[in-house]
Amino acid sequence: MVAAPETSGSSAASRGWLTAYLDLPVTLHAPAHARRAVRAVLDGWSLNDQNWLREVLLIVSELATNALRHGSGDIAVELHLRDDVLTIGAYDGSPEVPRPRTPDDTGGWGLAIVESLALAWGVDTHGDGKRVWAQMRRCPDRSLT
């Protein structure tokens with residue numbers, strides 16, 4: 001995972017602007033790889049409130065799982081911290097836009113979980129694929145200085 005402050009104008013870290021991007025292996029282990037890498041990045045950013053982190057990692061897992069199960073081609077996860085909001089995005093190579101469905105024994109829980117935890121979520125299409133994103137308030141014990 002690449003994790004670096006964005007560079008434009010004054011110090012990105014002092015503004016709270018940080019970005020990380022991870023290409024994931026297209027295997028059944030992709031969600032686990034995403035969770036481990038995201039945890040490491042957030043720890044590096046001193047965002048380690050355990051309750052908040054548990055929710056973020058659940059969203060990461062759901063978005064990565066959906067990209068793996070319902071997408072196609074390469075998959076990736078990104079993090080953007082801007083001021084008070086963390087945006088988590090998952091990319092895949094399918095232009096099919098996900099739609100929430102009523103959860104049942106066959107699935108449908110992923111977006112319902114994301115929707116219940118996130119401030120907002122949505123989909124951006126790009127080329128032949130998409131990015132499904134979710135936003136969270138920043139970690140309660142954030143200490144980027």
Side-chain angles (χ1 to χ4, degrees), residues 1-7 12-13 15-145:
M1 176 169 272
V2 177
E6 293 181 1
T7 56
R15 287 191 316 262
W17 292 20
L18 297 169
T19 299
Y21 185 88
L22 170 68
D23 290 314
L24 294 171
V26 183
T27 70
L28 293 177
H29 303 290
H33 291 302
R35 286 190 305 273
R36 279 192 299 276
V38 166
R39 178 185 284 275
V41 168
L42 294 176
D43 281 346
W45 292 350
S46 298
L47 302 174
N48 49 27
D49 176 85
Q50 293 304 301
N51 292 324
W52 180 83
L53 188 58
R54 190 175 8 263
E55 291 180 0
V56 168
L57 294 177
L58 184 52
I59 288 174
V60 166
S61 188
E62 294 300 332
L63 294 180
T65 298
N66 283 351
L68 182 65
R69 288 185 67 196
H70 304 294
S72 63
D74 295 332
I75 58 177
V77 169
E78 69 179 356
L79 302 172
H80 294 287
L81 178 65
R82 299 226 191 303
D83 302 319
D84 289 340
V85 177
L86 176 71
T87 302
I88 305 153
Y91 289 88
D92 68 61
S94 169
E96 186 176 332
V97 175
R99 304 268 185 248
R101 63 184 182 129
T102 303
D104 61 25
D105 291 341
T106 64
W109 294 97
L111 289 178
I113 290 169
V114 170
E115 191 169 67
S116 73
L117 296 174
L119 294 172
W121 74 275
V123 180
D124 298 324
T125 57
H126 62 88
D128 294 331
K130 66 182 169 298
R131 174 180 76 129
V132 180
W133 55 267
Q135 293 182 326
M136 299 281 294
R137 286 198 204 306
R138 76 168 185 225
C139 182
D141 66 350
R142 177 177 164 233
S143 60
L144 286 175
T145 55

Of all the heavy-atom pairs spanning [X] and [Y], show the shortest one and how long it is.
| X | Y | answer |
| --- | --- | --- |
| Val38 | Leu57 | CG1-CD2, 3.9 Å |
| Ala30 | Leu68 | CB-CD2, 4.5 Å |
| Thr125 | Pro95 | CG2-O, 4.5 Å |
| Trp121 | Glu115 | NE1-OE2, 3.3 Å |
| Pro25 | Ile75 | O-CD1, 4.2 Å |
| Leu22 | Ala34 | CD2-CA, 3.9 Å |

Interatomic spacing from [atom1] in [X] to [atom2] in [Y] - rounded to 0.5 Å:
| X | Y | atom1 | atom2 | answer |
| --- | --- | --- | --- | --- |
| Leu58 | Leu63 | CG | CG | 9.5 Å |
| Leu86 | Arg138 | CG | CZ | 12.0 Å |
| Leu18 | Leu42 | CG | CG | 10.0 Å |
| Ile88 | Glu62 | CD1 | CD | 11.5 Å |
| Trp17 | Asp83 | CH2 | CG | 7.0 Å |

Set out, in order, the CA-CA distance, both residues' side-chain angles and the distance that settles side-chain contact (heavy atoms from CB on, under 4.5 Å) for Arg82 and Thr87, then state yes or no. CA-CA 8 Å; Arg82 299 226 191 303; Thr87 302; over 6 Å; no

Please output the side-chain donor-acceptor pairs of residues 126-133 that fall under 3.5 Å, not counting sequence neighbours, one pair per line with the distance.
| unit_1 | atom_1 | unit_2 | atom_2 | d |
| --- | --- | --- | --- | --- |
| His126 | NE2 | Lys130 | N | 3.2 |
| His126 | NE2 | Lys130 | O | 3.2 |
| Lys130 | NZ | Asp92 | OD1 | 2.8 |
| Lys130 | NZ | Asp92 | OD2 | 3.0 |
| Lys130 | NZ | Ser94 | O | 3.0 |
| Lys130 | NZ | Glu96 | O | 3.1 |
| Arg131 | NE | Asp124 | OD2 | 3.4 |
| Arg131 | NH1 | Glu78 | OE2 | 2.7 |
| Arg131 | NH2 | Asp124 | OD2 | 2.7 |

Tell me, please, which residues at least two apart from Ala32 pass side chain to side chain contact (heavy atoms under 4.5 Å, CB included).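 Ala32 satisfies side chain to side chain contact (heavy atoms under 4.5 Å, CB included) with Arg35, Arg36 once adjacent residues are dropped.
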
Do Asp23 and Asp74 touch side chain to side chain, with heavy atoms closer than 4.5 Å?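 Side chain of Asp23 against side chain of Asp74, heavy atoms only: no contact under 4.5 Å found.
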
Applying side-chain contact (heavy atoms from CB on, under 4.5 Å), run through Val114 and Asn66 and close with a yes or a no. CA-CA 11 Å; Val114 170; Asn66 283 351; 6.0 Å; no

